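To start, the structure itself, in structure tokens.
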Amino acid sequence: MILVTGAAGQLGSDLVAALVGLHGREAVLATDLRTCDQMARSGADMATLDVTDPDAVQTMIQDGAFEQVYHLAGILSARGEKQPDLCWTVNVDGLKNVLNAVRGTKTRVFWPSSIAVFGPDTQRHRTPQVTVTNPTTMYGVAKASGEMMCDYYARKYGVDVRSVRYPGIISYGVPPGGGTTDFAVDMFVQAVKNGQYTCFVRESTRLPMMYGPDAVKAALDLMAAAPSSISVRTSYNLTAFSFSAEELAAAIESRVPGFVCEYEPDFRQAIADTWPEVIDDSRAREDWGWHPDYDITAMVNDMLSHLVDPANSHV
Ligand code: AKB
């Protein structure tokens with residue numbers, strides 16, 4: 001059995017569908033604070049779970065009932081700046097509850113970290129796997145703390161926990177909520193709907209990004225890798241491509257003639273300004289064979305084909 005927390009979210013909904021496709025619907029339990037239509041569509045069993053409640057997590061995961069746990073429940077960066085206490089509680093205490101619940105079992109855990117662990121002191125171009133982090137957002141502080149906790153539980157208790165530092169994820173299913181890289185998804189949606197978008201970061205803002213199917217593939221590949229191939233128990237750098245907001249707008253405009261993008265940076269600009277532009281993910285490539293299937297052109301074409309005609313679904 002496989003447990004997914006945060007199953008109603010952007011990554012969770014796509015991951016549950018992929019897990020059901022691979023293992024069958026009876027093998028996957030999709031959980032979130034509330035169940036929703038998107039979760040129901042995957043066919044997986046559903047349950048509510050508040051990851052901040054240690055007893056509820058312990059009861060759900062007791063005695064190694066699950067071979068794998070994909071612990072995705074979390075608060076993203078922009079919301080985290082508005083609700084820092086909630087961000088810490090969900091992202092750090094929630095992770096600790098899961099790690100405590102699997103201690104002493106053979107359950108393998110996947111937990112997403114983020115490029116947000118890096119901060120203004122970090123080398124912004126080809127950011128190395130091991131380098132200065134010093135994040136300045138609560139989300140980054142929580143993710144950096146979570147990474148160290150994963151490494152600690154792996155060393156001290158032998159917990160088989162695996163993690164990647166996701167860049168911005170672009171997908172057409174469930175929209176992201178409360179992130180800084182959300183502008184990339186919003187731009188596609190508004191281009192198709194209205195032919196116009198007002199972007200909340202400036203045009204030159206360049207960030208690492210990845211298409212949703214590659215984000216799902218990374219989680220599945222890392223979880224399938226032999227334990228001996230995992231040399232990083234904090235979290236692996238991971239990326240597919242980087243673009244600036246104006247480069248994405250131009251790529252969309254080439255497929256959606258007349259699309260106009262304007263720029264009105266808000267508080268999320270200050271968050272984006274502390275993150276790397278390009279990530280070096282060579283350790284993930286060497287250790288467990290990571291490689292993205294989608295470059296930016298393939299991503300733009302696929303996104304637009306799904307948004308224009310939702311029948312073109314991967315799952
Ligand atoms: C966010 O923007 O908060 C996330 C992330 C990069 O972790 N997409």
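One-based numbering along the sequence shown. The structure displayed is predicted, hence computed values, not measured ones.
Not counting sequence neighbours, the partners of Pro135 by the side chain to side chain contact (heavy atoms under 4.5 Å, CB included) test are Thr133, Val141, Ala144.
Around the CZ atom of Arg25, the shell of radius 6.0 Å holds no more than 12 heavy atoms that belong to other residues, nucleotides or ligands. Counted within 6.0 Å of CD on Glu246, heavy atoms from surrounding residues, nucleotides or ligands total more than 12; the atom is thus considered enclosed. When the shell of 6.0 Å around NZ of Lys96 is examined, it contains 12 or fewer heavy atoms from other residues, nucleotides or ligands.
Residues Tyr70 and Leu76 fall into different hydrophobic clusters, defined by Ile, Leu, Val, Met, Phe, Trp and Tyr side chains chained together at heavy-atom separations under 4.5 Å. Taken together through direct or relayed side-chain contacts under 4.5 Å among Ile, Leu, Val, Met, Phe, Trp and Tyr, Phe200 and Ile170 form part of one hydrophobic cluster. The hydrophobic clustering, which links ILVMFWY residues whose side-chain heavy atoms are closer than 4.5 Å, places Val174 and Leu72 apart. Taken together through direct or relayed side-chain contacts under 4.5 Å among Ile, Leu, Val, Met, Phe, Trp and Tyr, Tyr157 and Trp111 form part of one hydrophobic cluster.
Using cut-offs of 30° and 60° on the angle between ring planes, the pair Tyr211 and Tyr294 is perpendicular. Using cut-offs of 30° and 60° on the angle between ring planes, the pair Phe241 and Phe243 is parallel.
Contact check on Arg202 versus Asp273 returns a salt bridge, with a Lys/Arg side-chain nitrogen under 4.0 Å from an Asp/Glu carboxylate oxygen. A salt bridge between Asp151 and Arg155 is present, with a side-chain N of the basic residue lying under 4.0 Å from a carboxylate O of the acidic one.
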Check your understanding: Yes or no on side chain to side chain donor-acceptor pair (under 3.5 Å) for Asn194 and Gln190, after CA distance, side-chain angles and deciding distance?
Key -> CA-CA 5 Å; Asn194 303 320; Gln190 294 307 319; 2.4 Å; yes
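Lys143 forms no cation-pi arrangement with Tyr166, by the criterion of a distance under 6.0 Å to the ring centre and an angle within 45° of the ring axis.
Among Val102, Val98, Thr105, Asn100, the single residue meeting the side chain to side chain contact (heavy atoms under 4.5 Å, CB included) criterion with Val159 is Val102. Between Trp275 and the options Thr127, Thr181, Val117, Thr122, a side chain to side chain contact (heavy atoms under 4.5 Å, CB included) holds for only Thr181.
Aromatic ring centroids of Trp290 and Tyr236 lie 6.0 Å or more apart.
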